[in-house]
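Reviewing the structure listed below.
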Amino acid sequence: MNSPLISPRVLKGFRDTLPNMMLAREAILETARRVYRTYGYTPIDTPALEYSEILLGKGGEETDKQMFRFADQGERDVAMRFDLTIPFARFAAQHLQEIGSPFRRYHMATVWRAEKPQKGRFREFMQCDFDTIGTDSNAADIETLLVINDLLEAIGFERFTIRINNRLLLSGLLDQFGLEDQATGLLRALDKLAKIGPEKVLAEMTERTTARPEQAERILALCRAQGTPEELLAEVEPQLTGSPRGEEGLARVRELFAVVQSAGLPAGRVTLDLSIARGLDYYTGTIYETFLDDLPGIGSVCSGGRYDDLAGLFTKQRLPGVGASLGLDRLLAAMEELGQIESASTPAPVLMTVFDASRINDYLLTARRLRNAGLCVELFADEKAIGKQFKYADRRGFQLVVIAGPDEFAAGSWQVKDLVTGDQSTVADADLVTFVQQAIRPS
RNA sequence: GUGGCUAUAGCUCAGUUGGUUAGAGCACCGGAUUGUGGUUCCGGGGGUCGGGGGUUCGAGUCCCCUUAGCCACCCCA
């Protein structure tokens with residue numbers, strides 16, 4: 001009579017999330033929401049599924065986008081969103097009248113990419129985007145940097161580096177060489193510097209673009225230069241005089257670092273790295289990449305940049321903007337590898353034990369009293385020996401256990417034990433709420 | 001999508017040139033400890049060796065396919 005069992009499994013690149021990881025994820029989402037709001041970013045949402053033509057854009061380079069794409073039941077050509085930027089472009093074009101300009105939004109949602117999975121790279125993952133559109137102001141670029149910094153700090157990181165570059169510097173340089181039209185290929189090669197080394201970058205530059213070897217060497221030499229932002233800028237400056245784009249880039253980067261300095265960010269937190277370029281074509285100005293100092297190999301956990309025109313595919317209205325995206329799942333993978341994910345699997349710090357099942361009313365009502373005071377309390381739901389209940393509390397990561405047996409009921413009191421310190425106190429029923437509130441460690 | 005490495009208990013891994021009933025640590029459950037976890041001691045459950053096919057007297061071990069993970073390319077959070 002037994003039907004064959006279906007083997008429980010999930011698709012390649014897709015994963016279940018267990019309680020301890022989910023608690024960590026929710027904590028980060030809450031933090032991101034808080035930080036974004038302090039800068040005035042407002043929340044929006046868009047559909048997970050869109051017409052393929054929207055997501056593909058004009059180029060229709062599906063192979064590059066790696067989208068999950070299929071025909072729906074009405075034979076519409078549809079696809080799962082692979083980032084939050086394209087949907088935002090469509091959204092902005094469609095709702096410009098309602099949202100006005102400039103406009104700041106954050107959007108924290110799941111995206112899907114049919115790529116081959118690797119560590120920190122999944123087919124379903126969550127991004128936490130924030131963008132400011134409708135302004136060319138450098139102030140927006142600088143605030144974007146500050147958001148990234150505040151966000152990582154608020155999540156609890158101290159050792160991370162935000163690498164900054166500005167496409168205008170490179171564009172200015174290329175203007176001088178007459179290589180403007182080779183920008184994409186050159187930048188893509190340059191972006192790999194840290195990974196494949198200067199020789200291979202040079203080779204790729206000369207093989208895949210029309211740049212002559214000596215030009216490629218000049219570009220590479222400038223971008224590889226080491227030093228403080230001021231030193232680097234001083235070094236590039238002579239190469240850019242006369243190029244409007246280059247000079248604007250210089251001014252914007254200088255202004256940004258001036259703020260970084262006066263804002264008192266830790267030394268080395270923000271660096272100028274002329275070699276980072278981002279493979280994406282659409283960045284035109286400031287570029288951001290964020291690396292964890294303790295785990296740089298996992299890649300950038302928060303990246304973004306300035307673009308000239310977000311919604312050019314969908315409207316004639318020009319919408320310049322700047323923004324970045326926190327890669328939540330990549331960050332969580334990094335935190336897990338760094339041992340920063342707590343093992344606790346309960347959101348409640350307090351376990352109400354049931355010592356005497358005949359007094360269940362007292363336990364239920366007292367737990368409720370604690371909850372009404374804003375505390376998170378789980379009632380142990382099985383009739384098991386008190387030792388088992390303690391063990392359960394310990395395994396799940398509860399901080400406090402509340403106990404009452406015949407002696408306590410006779411005396412009108414409770415026992416409250418802190419599992420972390422081992423301290424146990426007798427507390428009068430009337431004082432229980434206050435006592436528990438004070439015993440909870442802020443976390 | 002292309003190429004490479006890997007898959008043994010919930011987790012991390014042993015398992016000799018193919019040869020009896022596949023092991024350990026941690027985790028889990030029970031007991032020592034019928035009002036107290038985390039330490040200690042004792043005991044227990046749990047594996048068709050990822051799945052399918054083949055070679056062989058005999059396959060965890062060799063071959064093919066498949067699924068998944070990891071790495072490189074590509075791209076990117």
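Basis for what follows: all heavy atoms, side chains included, without hydrogens, waters or symmetry-related copies. By convention in this document, chain letters (A, B, ...) are assigned in the order of the sequence lines, proteins followed by strands, and residues within each chain are numbered from 1.
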- Message: Among C70(B), G35(B), C75(B), which nucleotide has an atom closest to any side-chain atom of F355(A)?
- Response: G35(B)
- When you measure from the side chain of Q415(A), which nucleotide among A77(B), C74(B), U36(B) comes out closest? U36(B)
- Note on the structure: From CG of L326(A) across to C1' of C76(B) the rounded distance in Å is 14 Å
- Between T110(A) and M126(A), which heavy-atom pair has the shortest distance, and what is it? OG1-CE, 3.8 Å
- Message: Taking the P atom in each of G19(B) and A72(B), what is the distance between them to the nearest angstrom?
- Response: 35 Å
- Base, sugar-phosphate, or nothing for G13(A), non-hydrogen atoms under 4.0 angstrom? sugar-phosphate
- Hey, does the side-chain of K12(A) have a donor or acceptor N/O within less than 3.5 Å of a partner on the base of G69(B)? no
- Take atom P in G46(B) and the same atom in G23(B), then report the distance between them in whole Å. 14 Å
- Item | Separation between the C1' atoms of G69(B) and C11(B), rounded to whole Å | 15 Å
- Note on the structure: S303(A) has its side chain closest, among G35(B), A77(B), G38(B), to A77(B)
- Measure from the side chain of R395(A), starting at C-beta and using heavy atoms only, and say which of C28(B), G35(B), A77(B) lies closest. C28(B)
- Kindly confirm or rule out a cation-pi arrangement of R15(A) over F122(A), judged by NZ or CZ under 6.0 Å from the six-membered ring centre and within 45° of its axis? yes
- Message: For the C1' atoms, the ones on C75(B) and on U2(B), what distance do you get once it is rounded to whole angstrom?
- Response: 14 Å
- Item | Paired nucleotide for C26(B) [Watson-Crick or G-U wobble; both distances under 3.5 Å] | G10(B)
- Message: Does the structure place the NZ or CZ of R167(A) under 6.0 Å from the centre of the six-membered ring of Y283(A), at an angle of no more than 45° from the ring's axis?
- Response: no
- Query: Which of the following nucleotides, U36(B), G38(B), C76(B), is nearest to the side chain of R330(A)?
  - Reply: C76(B)
- Spacing between R69(A) atom CZ and G1(B) atom P, to the nearest angstrom: 16 Å
- Query: Just how far, in rounded Å, is P of U33(B) from NZ of K384(A)?
  - Reply: 21 Å
- Query: Can you tell me how far C1' of U36(B) sits from CE of M352(A), to the nearest Å?
  - Reply: 16 Å
- Can you check the K417(A) NZ to G38(B) P distance for me, whole Å? 10 Å
- Does R269(A) make a cation-pi contact with F160(A), if we ask for NZ or CZ under 6.0 Å from the ring centre and within 45° of the axis? yes
- Message: Using every non-hydrogen atom in the two residues, find where Y288(A) and I164(A) come nearest and quote the distance to one decimal.
- Response: CD2-CD1, 3.4 Å
- Item | Any donor-acceptor N/O pair under 3.5 Å between C75(B) base and R121(A) side chain | yes
- Task: Classify the nucleic acid contact of D83(A) as base, sugar-phosphate or nothing, counting any heavy atom under 4.0 Å across all strands shown.
- Result: nothing
- Message: From CG of D131(A) over to P of A77(B), roughly how many Å is that when rounded to an integer?
- Response: 12 Å
- Query: Which part of the nucleic acid, if any, lies within contact of L419(A), taking any heavy atom under 4.0 Å across all strands shown: a base, the sugar-phosphate backbone alone, or nothing?
  - Reply: base
- Within the structure, does a side-chain N or O atom of Q118(A) lie under 4.0 Å from either OP1 or OP2 of A72(B)? yes
- For C73(B), which nucleotide is its Watson-Crick or G-U wobble mate, given both distances must be under 3.5 Å? G1(B)
- Can you find a side chain N or O atom of K388(A) that sits less than 4.0 Å from OP1 or OP2 on G31(B)? yes
- Message: Counting neighbours of CZ on R368(A) that are heavy atoms of other residues, nucleotides or ligands and sit closer than 6.0 Å, is the number greater than 12?
- Response: no
- Would you classify K116(A) as touching base, sugar-phosphate or nothing, given that sugar-phosphate means primed atoms plus P, OP1 and OP2, and contacts are heavy atoms under 4.0 Å? base
- Query: Using the P atom in both, what is the distance from G3(B) to C13(B), to the nearest Å?
  - Reply: 27 Å
- Message: For A77(B), is there a stacking contact with F125(A), counting only centres under 5.5 Å and planes under 30°?
- Response: yes
- Message: Between G44(B) and A68(B), how far apart are the two P atoms, rounded to whole Å?
- Response: 39 Å
- Query: So which one's nearest nucleotide on RNA chain B is more toward 5', T421(A) or E408(A)?
  - Reply: E408(A)
- Would you mind reading off the distance between I287(A) atom CD1 and C76(B) atom P, rounded to a whole angstrom? 12 Å
- Message: Just to be sure I understand the rule, does K391(A) reach a base, reach only the sugar-phosphate, or reach nothing, if contact means heavy atoms closer than 4.0 Å?
- Response: sugar-phosphate
- Item | C42(B) to G51(B) separation - P atoms, rounded to the nearest Å | 34 Å
- Item | Rounded distance in Å - CG (N20(A)) to C1' (G10(B)) | 14 Å
- Item | Distance-only donor-acceptor test, D394(A) side-chain atoms vs G38(B) base atoms, 3.5 Å | no
- Message: Strictly by Watson-Crick or wobble contacts shorter than 3.5 Å, is anything paired with G18(B), and which nucleotide is it?
- Response: none
- Quick one: label E124(A) by what it contacts on the DNA or RNA (base, sugar-phosphate, nothing), any heavy atom closer than 4.0 Å. nothing
- Task: Look at the side chain of Q389(A) and the base of G35(B), then say whether one donor and one acceptor between them are separated by less than 3.5 Å.
- Result: no
- Task: Can you establish whether the number of heavy atoms outside F14(A) located under 6.0 Å from its atom CZ is more than 12?
- Result: yes
- Take atom P in U12(B) and the same atom in U17(B), then report the distance between them in whole Å. 26 Å
- Message: Within the 4.5 Å heavy-atom criterion, are F380(A) and M352(A) side-chain neighbours or not?
- Response: no
- Task: Check whether the side chain of R113(A) and the base of C75(B) form a donor-acceptor pair under 3.5 Å.
- Result: no
- Assign F122(A) to base, sugar-phosphate, or nothing according to its heavy-atom contacts below 4.0 angstrom with the strands shown. base
- Message: As a test of reading the structure: which of U36(B), G35(B), G38(B) is closest to the side chain of D407(A), going by heavy atoms?
- Response: G35(B)
- Task: Answer yes or no for R113(A) and F68(A): cation-pi contact, defined as NZ/CZ to six-membered ring centre under 6.0 Å and angle to ring axis within 45°.
- Result: no
- Message: Side chain of S300(A), heavy atoms from C-beta onward: which of A77(B), G35(B), C71(B) has the nearest atom to it?
- Response: A77(B)
